[in-house]
Each structure stands twice: as C-alpha cells, then as structure tokens.
2 protein chains.
Amino acid sequence: MAVEDFAAAPKGGKTGWKQDPEGVRADILATALAEFAESGLSGARMDEIAAKTRTSKRMIYYYFGSKNELYQKALEESYRAVRSGEEALELDHLDPVSALKRLTEFTFTHHRENPNFIRLVMIENIHKGQYLAQSDTIKNLNRAAIANLDALYERGVKTGVFREGLSPLRIHWLISAISFFNVSNATTFSLLFGSELYGDLGQKTACQDASDAVLNFVRAQP
Amino acid sequence: MAVEDFAAAPKGGKTGWKQDPEGVRADILATALAEFAESGLSGARMDEIAAKTRTSKRMIYYYFGSKNELYQKALEESYRAVRSGEEALELDHLDPVSALKRLTEFTFTHHRENPNFIRLVMIENIHKGQYLAQSDTIKNLNRAAIANLDALYERGVKTGVFREGLSPLRIHWLISAISFFNVSNATTFSLLFGSELYGDLGQKTACQDASDAVLNFVRAQP
DNA sequence: CGGAAATTGTACTATTCAGTTAATTGTGTC
DNA sequence: GACACAATTAACTGAATAGTACAATTTCCG
C-alpha cells in the first residue's frame with residue numbers, strides 16, 4: 001500500500017481511522033526522510049516531522065524509539081528505495097561499450113532524480129558513517145552493483161575494447177564521483193562558477209561528459 | 001578573587017596578558033573552523049568551541065556576534081587558506097599535457113590534505129549555500145582558478161593536443177568531482193565497498209586514475 | 001598618574017527541544 | 001460483548017544551549 005493511498009483515508013468524524021500500523025510507519029518514515037534530508041540530523045526537529053505526518057509525535061516514539069533510530073531507519077529506507085529503482089537496468093544483452101555508457105548515464109540521471117538520497121549520504125558522511133556502519137541491510141545491497149560491473153568489465157576485456165588491469169571498484173568509483181558530485185555540490189558550484197552547467201542544456205552536456213570520461217578511462221587505446 | 005588564586009592563574013606571563021586582538025580572533029576562528037567541520041553548523045556547540053580556545057565564550061560573541069556569523073567567517077577563512085595554498089602552482093612553463101596532469105594531481109592531493117575544508121563545503125551544500133552566497137570575498141577567489149585553466153586549455157587546443165569544443169568550466173568540474181568525492185565520500189564508500197582504495201597504495205592508484213580520466217577526457221583522439 | 005577603552009570571567013536567563021506521562025478511544029477477534 | 005492491542009492527544013519535564021548582564025581587570029595614551 002502506497003503512502004499516498006493512506007492520505008485519502010477520511011480523518012474526520014468519530015469513526016475515522018482504520019488500524020494500519022504499516023501505513024503509519026511508512027508515513028512517518030517518508031516524512032522523516034524528507035526532513036532529515038532537508039535539515040540534517042542535528043538540524044531536523046522532531047516536532048516539525050510530527051507536524052508533517054498525519055499522526056503525532058507520540059507515535060513516532062511509539063514506533064521508532066528515538067530520533068537517532070528514526071534517522072537510521074530513514075537512511076536504510078532511502079538506500080532501499082534507490083537500489084530498487086536500479087533493478088530495471090538490463091545490461092547483459094548490450095555490447096560492453098554500450099552497456100557501460102548506459103550504466104553511466106543511468107547513474108548520472110538516477111542520482112540527479114534522487115537528491116534526498118544524495119543529501120542523506122552527504123549527511124551520513126558528515127557523521128562519519130556511524131549509522132550506515134550499523135546497518136548490515138544496506139551493505140549487502142551494494143555488493144550486487146559491483147558484481148554486475150565486474151561481469152561487464154570482464155566481457156569488455158575479453159573482446160579487447162576495454163584495457164586490462166582495472167578493477168570494477170575503480171570504475172564504479174569514477175562513475176559515482178562524477179554523478180554524486182554533480183548533485184551534492186550543485187549549489188556551491190553554481191554560486192562560485194555560474195549556473196550554466198545546471199540548466200537543462202548544461203546537464204545534458206554534463207551527462208555526456210560523464211559517459212565520455214568513463215568510457216575514455218576504461219577503453220583500450222587504439 | 002584572592003591573591004593566591006590570581007597568582008596561580010595559568011595566564012602565561014607574570015602579570016597577565018598582552019593585548020592581542022588579532023591573535024585572539026585567529027585562535028577563535030581556527031578553533032571554530034575545526035569544530036564546525038567536525039560537527040556541522042547545528043551540531044557544533046558554542047561552549048565546546050569556547051573551551052577549546054584559550055579565551056572565553058564571552059569573547060567569541062564580542063568578536064563575532066553570533067554562531068551563524070562565526071560559521072560564515074570560518075567558512076571564508078577556510079576558502080582563503082585553501083586558495084592561498086594553490087598559489088605556488090606554476091603551470092605556464094609546462095607543456096599543456098604535463099600542466100593539466102600536474103593540476104589534476106595537485107588538486108587531488110590538496111583536497112585530500114584539507115579534509116576540514118571539504119567538510120565545510122559539504123556542510124555548506126547541506127545548507128544550500130546560504131552563507132557562501134553572502135560572501136563576495138569567496139566568489140572572487142575562484143574566478144582565478146578558471147582563468148588559469150582557460151589559458152592552459154587554449155594552449156593545448158592551439159598545439160593540437162587537446163580537443164576543441166570544451167570549456168574550462170567543464171574540465172574544472174571533472175577535476176573537482178573526482179578530487180572532492182574522493183574525500184567527501186571516503187567513509188561511506190569504504191564501508192560499502194571495502195577500504196582498498198583508501199590505503200596509501202589505493203590512493204596512489206586513485207590519484208593516477210584521476211589524472212588519466214581527466215587527460216583522456218580532454219586529449220584529442222589520435 | 002588617571003580616565004577611557006578594551007578585554008575577560010562568572011553567573012545567569014530564556015528558549016528550544018528530545019523525550020515522557022497518563023489517559024482515552026477505536027478495532028479486530030473470540 | 002469482552003478483551004487485547006493499535007492508535008491518539010495534549011500537556012509536561014528536564015536537560016541542553018545560544019546568548020547576555022555586569023562587574024572586574026588590564027592596557028593604552030594623554
């Protein structure tokens with residue numbers, strides 16, 4: 001059941017509500033995620049989160065125990081949501097160069113469309129990963145991405161289009177760096193250097209630049 | 001205050017202190033910079049900052065007025081310190097390819113050696129650049145970097161080693177992305193994918209990868 | 001010297017905010 | 001219809017914390 005559906009439930013009258021613990025949990029989590037992404041862990045206010053849910057502060061503590069636990073659950077939820085969006089990507093039927101190009105462009109676009117996720121990861125890095133470290137759930141989700149990239153890279157090496165001696169980790173690092181920075185530092189970069197890279201056209205160019213940079217990095221030199 | 005207490009006061013010299021407003025200001029600023037970088041704007045505590053200076057909380061307000069103003073001054077100071085470290089870089093006497101390689105490796109290393117600066121920029125992005133936006137000082141500092149890169153790029157195009165149609169901004173964007181991400185996301189990246197890229201050897205490889213990626217991106221294809 | 005200005009320490013306040021108390025109402029199930 | 005548990009509300013508490021009042025001390029400079 002989607003959170004939006006729950007919103008349609010009538011609240012007024014005496015016999016307003018249905019028992020829906022999962023819906024209430026999901027509502028709180030979605031609101032908290034947005035609020036932590038907006039203001040950071042210390043900056044977010046429990047009263048503010050409560051006001052933006054259709055339930056109460058008491059219920060947040062009822063379900064999540066404390067601010068820190070809520071933050072951690074929101075972080076996990078954010079990773080889960082983002083990774084589930086990545087599953088549709090089918091790269092096996094493409095030739096290695098096309099596949100790597102598609103993966104890079106997908107990652108670039110995907111990061112751009114999930115700024116809240118990016119902001120939570122920034123916040124988590126500010127906090128030195130102390131909440132991510134406690135979450136085994138998240139760690140497992142990310143191995144798959146590397147495994148996929150490994151297969152892709154080996155295919156490319158075999159057919160001679162990719163150079164030898166790289167590791168999928170280093171390729172992933174490069175793709176992530178460009179795609180992440182593009183979103184995470186958009187504000188300061190625009191302020192310091194103008195916003196020409198952050199209009200529609202600029203971002204098209206940037207996406208193209210990203211895949212050029214990655215492909216030229218991995219490709220065997222003729 | 002009893003005379004004994006006064007004599008025991010660890011005030012340095014025999015009879016108290018010298019007027020040193022600039023020293024006190026600098027002390028506060030350096031301490032605040034470290035503390036904001038460590039804990040963020042909301043997370044940092046004025047009492048904690050005060051305790052780590054050799055002066056008092058009262059003096060922080062005396063000189064800086066408020067927490068937010070102190071944060072802004074610390075941000076400015078951080079930019080100033082970092083940019084002044086870049087001045088030693090002389091690229092004009094190198095051929096374009098060597099110069100670009102050197103610039104990339106320098107930026108990579110420089111970012112790595114200034115994690116507090118990186119963290120303040122992350123924090124500023126979380127706050128959507130609202131303090132950076134108020135600081136004309138900082139904006140001017142960064143135009144120079146682009147101008148230098150522009151000259152370098154044009155030299156390379158003229159001698160045929162760089163491809164046409166790029167802008168210095170896009171090159172700077174790529175160099176920054178890699179160098180910044182390497183530091184900003186070191187914790188989460190290590191947690192998720194292992195820390196092999198973040199040992200001494202791993203970082204040497206990463207630096208090499210950075211300059212490879214930038215050079216291959218800019219170089220004319222033979 | 002002696003007064004003005006700069007500098008500093010102590011102790012305080014006003015507020016914000018995470019977390020709680022305690023009582024109540026609705027729902028599903030037997 | 002009785003029982004357990006899900007869900008809800010509003011006021012409250014205690015700790016943390018940004019910011020201040022004010023007196024005391026020191027330097028500066030005539």
Side-chain angles (χ1 to χ4, degrees), chain A residues 1 3 6-7 9-29 31-32 35-36 38-74 127 131, chain B residues 1-29 31-32 35-36 38-74 127 131:
Chain A
M1 182 184 188
V3 171
F6 187 87
K11 190 75 204 305
K14 283 201 153 190
T15 60
W17 52 274
K18 284 201 175 269
Q19 278 195 346
D20 184 14
E22 282 316 304
V24 171
R25 261 189 78 99
D27 177 31
I28 294 172
L29 214 46
T31 310
E35 200 64 16
F36 283 126
E38 177 67 24
S39 311
L41 174 50
S42 325
R45 299 285 161 249
M46 294 301 277
D47 284 319
E48 188 67 19
I49 294 172
K52 287 178 179 170
T53 61
R54 84 189 60 85
T55 181
S56 66
K57 185 160 80 155
R58 183 65 189 81
M59 288 309 289
I60 299 177
Y61 285 96
Y62 181 75
Y63 279 122
F64 294 94
S66 73
K67 188 185 187 181
N68 285 357
E69 288 174 85
L70 178 61
Y71 167 77
Q72 174 156 344
K73 289 286 160 36
H127 291 279
Y131 299 94
Chain B
M1 182 193 266
V3 173
E4 292 80 10
D5 292 334
F6 182 69
K11 214 66 210 304
K14 285 195 158 189
T15 55
W17 46 273
K18 284 224 173 243
Q19 279 194 346
D20 183 16
E22 282 316 301
V24 172
R25 262 189 76 99
D27 178 32
I28 293 173
L29 215 44
T31 309
E35 200 64 16
F36 283 126
E38 177 68 24
S39 310
L41 174 50
S42 327
R45 299 285 160 248
M46 294 300 277
D47 283 322
E48 189 67 21
I49 294 173
K52 288 178 177 169
T53 60
R54 84 182 74 88
T55 179
S56 66
K57 186 161 78 154
R58 182 68 191 80
M59 286 311 288
I60 299 178
Y61 285 97
Y62 181 76
Y63 279 124
F64 295 95
S66 73
K67 188 184 187 182
N68 285 357
E69 288 175 85
L70 178 61
Y71 167 78
Q72 172 156 347
K73 288 286 160 39
H127 291 279
Y131 299 94

Look at the side-chain N and O atoms of [X] and state whether any lies under 4.0 Å from the OP1 or OP2 oxygen of [N].
X	N	result
A:Ser56	D:dT8	no
A:Thr55	D:dT8	yes
B:Tyr63	C:dT7	yes

- Side-chain contact, heavy-atom cut-off 4.5 Å: A:Leu70 with A:Met46? yes
- Message: Contact between B:Asn68 and B:Leu41 at the side-chain level, heavy atoms closer than 4.5 Å - yes or no?
- Response: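 Answer yes - side chains close enough.
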- Message: Check this for me: does any side-chain nitrogen of one of B:Lys73 and B:Glu69 sit under 4.0 Å from a carboxylate oxygen of the other?
- Response: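 The answer is no: the pair does not qualify as a salt bridge.
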- Would you confirm whether A:Arg45, through its side chain, and A:Ser42, through its main-chain N or O, come within 3.5 Å as a donor-acceptor pair?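 The answer is yes, because a donor-acceptor pair under 3.5 Å joins these two groups.
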Would you mind reading off the distance between [X] atom [atom1] and [N] atom [atom2], rounded to a whole angstrom?
X	N	atom1	atom2	result
A:Arg54	D:dT9	CZ	P	12 Å
A:Ile28	D:dT8	CD1	C1'	12 Å
B:Tyr62	C:dG9	OH	P	14 Å
A:Ile60	D:dT9	CD1	P	12 Å

- Query: Listed by chain and number, what are the ring pair (Phe, Tyr, Trp, His ring centres under 6.0 Å) partners of B:Tyr71, not counting sequence neighbours?
  - Reply: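 Ring pair (Phe, Tyr, Trp, His ring centres under 6.0 Å) check on B:Tyr71 returns B:Phe36, B:Tyr131.
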- Intra- and inter-strand pairing of DNA chain D, written as dot-bracket with Watson-Crick and G-U pairs under 3.5 Å and | for the latter, reads ||||||||||||||||||||||||||||||
If I take atom [atom1] from residue [X] and atom [atom2] from residue [Y], how far apart are they, to the nearest 0.5 angstrom?
X	Y	atom1	atom2	result
A:Lys67	A:Ile60	NZ	CD1	11.0 Å
A:Glu22	A:Asp27	CD	CG	12.5 Å
B:Glu38	B:Lys52	CD	NZ	7.0 Å

- Heavy-atom nearest pair, A:Ser56 first then A:Ala50, reads C-CB, 4.2 Å
- Message: I need a per-nucleotide contact map over nucleotides 13-24 of chain D, read 5' to 3'. Cutoff is protein heavy atoms under 4.0 Å; write B for the base, S for backbone only, - otherwise.
- Response: ----SBBBBB--
- Message: Counting the atoms with a prime plus P, OP1 and OP2 as sugar-phosphate, which does A:Phe64 contact under 4.0 Å by heavy atoms, base, sugar-phosphate, or nothing?
- Response: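 It contacts nothing in the nucleic acid.
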